[in-house]
Amino acid sequence: MWDVFSDAAFKRRMPMIIVTGGAGFIGSNFVREWLAAEQDSVVNLDKLTYAGNLRSLVDVEKNPRYRFVQGDIGDRPLLAKLLRETRPRAIVNFAAESHVDRSIHSAGEFIQTNIVSTFNLLEEVRAYHAELSPAEREAFRFLHVSTDEVYGSLGPNDPAFAESHKYEPNSPYSASKAASDHLVRAYHHTYHLPVLTTNCSNNYGPYHFPEKLIPLMILNALAGKRLPVYGDGQNVRDWLYVTDHCTAIRMVLAKGRVGETYNVGGRNERTNLDVVNVICKLLDELKPRADGKSYAAQIEFVADRPGHDQRYAIDATRLETELGWQAAENFDTGIRKTVQWYLANQDWVQSVTSGEYRNWVQTQYENRAVA
Ligand code: NAD
Ligand code: DAU
């Protein structure tokens, strides 16, 4: 791995953006898509927590427009140096603790990273922004990647979340993301930092860490383990293929109104049980069980997630009408691609399902009661 700070040729590359959390699920897809579609160079600043994996970026690691820096978005001396030496025209902030179940189990890291470290990042970016020339200041953007979970939970007949929906976060994760959204908003209102915020629904696709529903179900099915559906499986999520989220972020960065928030979602509402059944059907077709039975036989209803939000749904009208964004994948095309990707990338799976992952699976599922 190159050292950005001693790499004079790379530092001269302009324009440049910094992506934080680029070794995670969405961030790694974003970095890959960005390098293919845009001209700017990219510095990926990632702490490499359990969720960050450089194996997700092996295909771009030799790209001359890409560099990785291991570090924390809360490390202010590092940020000050990185910003001054690379002079980015934009920051895209993915870095966060992202798993709801982990936040229920232990919220401390969520408060630290999603709130305190985001504050530290905003402070350093504010100082850097103030030093730019008027033209650079005008062009600069800080894009904060957030979630639909800040809006709380919908009833079955409620309209989908619009940007005007009030914030009603229900888990330590969503409360910490809501706090970070408020900080980002305040830095625009108070200090005129040119910010943009995106609030997206559930993503799925390649490089998704297998603690989350879709990859967990694919891998458990293949391993002959139970498929643990929380409660009655009737909770609804609005699924978006990850590259559609990445395209939306690029559009908001390019054309979004400063200070505005944009909801991102694919209008693909499904119950969890439906999602798990679709995965089982695809696996029955693509990798049938040796005994000829359906993978659906492995489904087991287990104790519900405490405070489990019933339904999320996104109204993406602003993004569609103002910026012309459309999702390229629907759930049927996206989930097929996803299952095929996991079947074809068992080496990546092996590399992320090591010690820490096994500890989590044991803590979360081993003694979980059957519902
Ligand atoms: P992820 O958990 O897969 O990845 C998070 C990345 O951030 C990891 O690479 C991790 O190492 C890094 N990171 C964590 N703390 C850090 C710190 N203090 N400094 C630097 N890097 C740090 O998460 P994801 O699913 O890719 O989500 C990315 C962002 O998108 C998050 O902010 C999340 O809230 C948001 N989001 C996710 C979804 C989804 O469905 N996954 C939907 C909407 C919004
Ligand atoms: O809505 C956006 C959010 O989507 C993001 O902000 C989060 O970072 C992301 O993790 C995701 O949160 P969810 O809690 O919706 O995702 P998860 O994959 O953990 O769970 C999806 C649904 O499946 C949820 O209703 C809980 C259920 N579930 C999950 C797991 C891991 C199960 O039934 N069994 C499981 O084992």
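None of the values given here were measured: they were computed from a predicted structure. Both ligands and their constituent atoms are indexed starting at 1 by order of listing.
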Q. What protein heavy atom sits nearest atom 14 (O) of ligand 2, and how far away is it?
A. Arg305 NH1, 2.6 Å
Q: Look at the aromatic rings of His129 and Phe140 and report parallel, tilted or perpendicular, splitting at 30° and 60°.
A: tilted
Q) In the protein, which heavy atom is nearest to atom 28 (C) of ligand 1, and how far is it? A) Phe94 O, 3.5 Å
Q. Could a heavy atom of Glu211 be found less than 4.0 Å from some atom of ligand 2?
A. yes
(Q) Minimum distance, heavy atoms only, to atom 16 (O) of ligand 2: which one of Val100, Asn202, Leu213 is it? (A) Asn202
Q | ligand 2 contacted by His308 (non-hydrogen, < 4.0 Å) | A | yes
Q | Pairing of Arg102 and Glu97 as salt bridge, 4.0 angstrom limit | A | no
Q | Sub-4.0 Å atoms of ligand 2 with respect to non-hydrogen atoms of Leu216 | A | 36 (O)
Q. Between Asp72 and Asn120, is any side-chain donor less than 3.5 angstrom from a side-chain acceptor?
A. no
Q: Would you check whether Phe209 reaches within less than 4.0 Å of ligand 1, judged by its heavy atoms?
A: no
Q: Select the closest option to atom 5 (C) of ligand 1 among Ala95, Ala96, Ser98, Gly27, judged by heavy-atom distance.
A: Ala96
Q) Is any side-chain N of the basic residue among Asp332 and Arg270 closer than 4.0 Å to the acidic one's carboxylate O? A) yes
Q: For Ser28 and ligand 1, answer yes if some heavy atom of the residue is under 4.0 Å from a ligand atom, otherwise no.
A: no
Q | Contact check: Ser201 vs ligand 2, nitrogen or oxygen atoms, below 3.5 angstrom | A | no
Q: Looking only at distances, please establish whether an N/O atom of ligand 2 is found under 3.5 Å from an N/O atom of Cys200.
A: no
Q. What is the closest protein heavy atom to atom 34 (O) of ligand 1, and at what distance does it sit?
A. Tyr173 OH, 2.7 Å
Q. Any idea which protein heavy atom is nearest atom 36 (N) of ligand 1, and the distance to it?
A. Ile26 CD1, 4.0 Å
Q. Going by atom types only, do Asn359 and Tyr50 share a side-chain donor-acceptor pair under 3.5 Å?
A. no
Q.
My understanding is that we take every heavy atom of each candidate and find the minimum distance to atom 22 (C) of ligand 2. Doing that for Leu273, Leu227, Asn272, which one comes out nearest?
A. Asn272
Q | Option with minimal heavy-atom separation from atom 2 (C) of ligand 2, where the choices are Asp232, Asp148, Ile26 | A | Asp148
**Q.** Tyr312 versus Glu149, side-chain donor and acceptor atoms under 3.5 Å
**A.** yes
Q: Please write down residue, atom name and distance for the protein heavy atom closest to atom 3 (C) of ligand 2.
A: Glu149 OE2, 2.9 Å
Q: Tell me which protein heavy atom sits closest to atom 5 (C) of ligand 2, plus the residue, atom name and distance to 0.1 Å.
A: Tyr173 OH, 3.6 Å
(Q) Can you confirm, on distance only, whether ligand 2 has an N/O atom lying under 3.5 Å from any N/O atom belonging to Tyr230? (A) yes
Q. Cation-pi between Lys81 and Phe5: NZ/CZ under 6.0 Å from ring centre and within 45° of the ring axis?
A. yes
Q. Is it true that Tyr204 lies under 4.0 Å from ligand 1, counting heavy atoms only?
A. no
Q. Quick one: does Thr20 get a heavy atom under 4.0 Å from ligand 1?
A. no
Q. Do Trp239 and ligand 2 have an N or O pair less than 3.5 Å apart?
A. no
Q.
Has Arg311 got a side-chain atom pairing as donor or acceptor with Asp158's backbone, closer than 3.5 angstrom?
A. yes
Q) So is Ser146 in contact with ligand 1, going by heavy-atom distances below 4.0 Å? A) yes
